[in-house]
Every structure is written in C-alpha cells, then in structure tokens.
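First up is the structure itself, then whatever we jot down about it.
Position 1 is the first residue of the sequence, and the numbers go up from there.
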Amino acid sequence: MSDSFTQQFLQLVRRIGNQLNRKVAEVLLVLTKYKNKSKETSRFFRSEECFLFSYSSRVSYSTELDRIDELHPPLKLTLGELVRKKLHGSRKITCQLLGVILEEETPEELKEHATVRSSVVEVLWEISKTCDVYLMDRIIDDESGERVLLALENAGLFEAGCLTRDKVLFCSTENGRMSFIQQLEPDWHVDSNREIVSQLSRFIRYQLYVSPTGSPITGSNIFSSTSLDSYLTE
C-alpha cells in the first residue's frame with residue numbers, strides 16, 4: 001500500500017470520527033435540554049399542586065372557622081364582668097355626684113331638684129359588689145344635701161347595701177371635696193371637673209374624666225368618656 005493511499009485513508013477516518021463526534025454531541029445536547037425541560041415541567045406541576053393544596057387547605061380552614069363561629073358565637077361579657085374588667089381589681093372608688101350620678105350639673109340646681117341618671121343605677125350596683133363607693137359634691141345648703149339623699153334612696157341605691165348614707169359626703173367648697181378624695185385614697189376617682197382631675201393626677205392611681213364631649217386630659221392614668229356607664233360598658 002502506497003504512502004499517499006495511507007494518508008488518504010487516515011484523513012477519511014478522521015473526518016468520519018469528527019462527524020460522529022458532532023452527531024453524538026448534538027444528540028447529547030438534545031437529550032440534556034429535554035431532561036431539563038422535563039424537570040422544569042415536573043417542578044411546575046409539583047408547585048402548582050402545592051399551591052392548590054395550600055389554597056384548598058386555607059379555604060377549608062377558613063370555612064371551618066366560620067362554621068364554628070356560627071355554632072359557637074363569642075361569649076358576651078355580662079355587665080358585672082365588664083365593670084370588673086375596667087376597674088382592674090380596684091377596691092375603693094370615689095365619685096362626684098353632679099354631672100356624673102345626677103343629671104344636675106351645678107350646686108345651684110340642687111336647690112330646686114335632684115335627679116339620679118337612670119343609666120348609672122345598675123352600674124353603681126355592680127361597682128358596689130367589689131368596691132367601697134363614696135359619692136360626694138359641693139352643695140350650697142343642707143336642704144340640697146337632703147334632696148340628693150332622697151333621690152338616691154328613690155333610685156333604690158340604698159337597698160341591700162349598694163350604697164350607705166354615711167358614704168355620701170357633702171362640703172361647701174371644691175377644696176374641701178379634694179381633701180375628702182385625698183384622705184380616702186381611692187383606687188379610682190370619677191369627676192366632671194377638669195381642674196380637679198388634673199390636680200389629683202399625681203395622687204390617684206386611676207381617674208375617669210366625664211365630659212359631654214369626651215374630650216381627653218393629658219395623663220397616662222386619666223381616662224375620658226361622656227359618662228360613667230359608657231366608659232364601663234364600652
């Protein structure tokens with residue numbers, strides 16, 4: 001066999017080998033792409049299945065909660081439970097009469113009449129079950145005090161130990177009223193006089209400022225409401 005023939009043969013073998021290598025590489029590339037696409041498709045379907053399962057679970061859980069709420073609605077607190085919750089376990093409370101317990105707002109009005117707010121009667125009963133209750137205010141004459149006591153009695157607040165007459169206190173000045181409050185050292189004080197509430201803020205643990213507008217007074221221990229019963233039943 002001549003040298004030229006041998007070289008031609010070797011070149012032919014190399015060309016065939018190169019072509020085979022390219023074909024094999026193309027086949028491998030196609031297989032790799034197909035495999036990757038299969039994995040992506042599998043992952044997609046798996047993620048879709050997880051999403052659908054998760055969504056279905058959430059919908060099912062939410063539906064079950066709705067059914068539970070329908071069958072067992074949240075318990076509504078009784079008036080006594082609401083009062084005890086708002087008073088934070090307190091044992092003594094002092095409260096102004098004018099504008100809080102009584103419809104009258106000035107001592108001058110008490111010279112003519114005294115009327116207990118009907119909305120506070122039941123609340124006072126509940127307060128008295130856990131607290132010593134002291135009511136107080138400034139009056140102009142003794143007759144005004146008698147009218148207040150009669151109004152409280154007619155409202156049934158002296159029955160079964162809800163209130164006692166010796167815990168209804170009267171004085172002739174606002175300074176005297178402040179002195180009563182400080183001496184009694186209550187856990188709570190309720191008042192409609194903004195100035196008194198502000199001055200007592202350093203001495204009383206909790207205070208409720210009663211204002212027709214519900215306007216607040218600055219102080220972490222001072223709460224505001226339009227009435228005593230509104231605050232305790234909110």
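Linking Ile, Leu, Val, Met, Phe, Trp and Tyr whenever their side-chain heavy atoms come within less than 4.5 Å puts Leu169 and Met178 in one cluster. The cluster map of Ile, Leu, Val, Met, Phe, Trp and Tyr, joined by side-chain heavy atoms under 4.5 Å apart, puts Leu163 and Val123 in the same cluster. Hydrophobic cluster membership is shared by Ile127 and Val100, with clusters built from Ile, Leu, Val, Met, Phe, Trp and Tyr side chains linked at under 4.5 angstrom.
Residues passing the salt bridge (Lys or Arg N to Asp or Glu O under 4.0 Å) test with Lys92: none are found, sequence neighbours excluded. By the side chain to side chain donor-acceptor pair (under 3.5 Å) test, Ser211 pairs with Thr213, sequence neighbours left out. For Thr130, the side chain to side chain donor-acceptor pair (under 3.5 Å) test picks out no residue, with sequence neighbours left out. Lys167 pairs by the side chain to side chain contact (heavy atoms under 4.5 Å, CB included) definition with Asp132, Tyr134, Thr164, not counting sequence neighbours. A search for side chain to side chain contact (heavy atoms under 4.5 Å, CB included) contacts involving Ser179 returns Gln183, not counting sequence neighbours. Not counting sequence neighbours, the partners of Phe223 by the ring-ring contact (aromatic ring centres under 6.0 Å, His included) test are Trp188, Tyr231.
Residues Leu110 and Val148 meet the side-chain proximity criterion, which asks for heavy atoms closer than 4.5 Å. The shortest side-chain heavy-atom distance between Ser192 and Leu98 does not fall under the 4.5 Å cut-off. A 4.5 Å side-chain heavy-atom check between Pro107 and Ile139 finds every atom pair outside the cut-off. Inter-residue side-chain proximity for Leu87 and Cys131 is flagged as met; some heavy-atom pair is nearer than 4.5 Å. Between Leu152 and Val116, the closest side-chain pair of non-hydrogen atoms falls below 4.5 Å. In this structure, the side chains of Val190 and Thr94 stay at 4.5 Å or more apart for every pair of heavy atoms. By the 4.5 Å heavy-atom criterion applied to side chains, Pro186 and Ile93 are not counted as neighbours. Two residues are said to be in side-chain contact when any heavy atoms from C-beta on lie closer than 4.5 Å; Leu97 and Phe170 meet this criterion.
Within the structure, the side chain to side chain donor-acceptor pair (under 3.5 Å) test picks out the following pairs touching residues 140-152 (sequence neighbours left out): Asp141-Ser144. Annotation: salt bridge (Lys or Arg N to Asp or Glu O under 4.0 Å) contacts involving residues 196-225, sequence neighbours excluded, are absent. Residue pairs satisfying the salt bridge (Lys or Arg N to Asp or Glu O under 4.0 Å) criterion with at least one member in residues 102-124, sequence neighbours excluded, are absent. Among residue pairs with one or both ends in residues 153-164, those qualifying as salt bridge (Lys or Arg N to Asp or Glu O under 4.0 Å) are Glu153-Arg165; sequence neighbours excluded. Within the structure, the salt bridge (Lys or Arg N to Asp or Glu O under 4.0 Å) test picks out the following pairs touching residues 178-199 (sequence neighbours left out): Arg177-Asp191.
Proximity of a side-chain donor or acceptor of Ser225 to a complementary backbone N or O of Leu228 within less than 3.5 Å is not detected. Checked by atom type and distance alone, the side chain of His189 never pairs as donor or acceptor with a backbone atom of Gln207 at under 3.5 Å. Judged by distance alone, with hydrogens and angles left aside, the side-chain atoms of Glu81 form a donor-acceptor pair with the main-chain N or O of Thr78 at under 3.5 Å.
Using a 4.5 Å cut-off between side-chain heavy atoms of Ile, Leu, Val, Met, Phe, Trp and Tyr, Ile217 falls into a hydrophobic cluster with Val197, Tyr209, Ile222.
With 3.5 Å as the limit, one finds a donor-acceptor pair spanning the side chains of Asp229 and Ser227.
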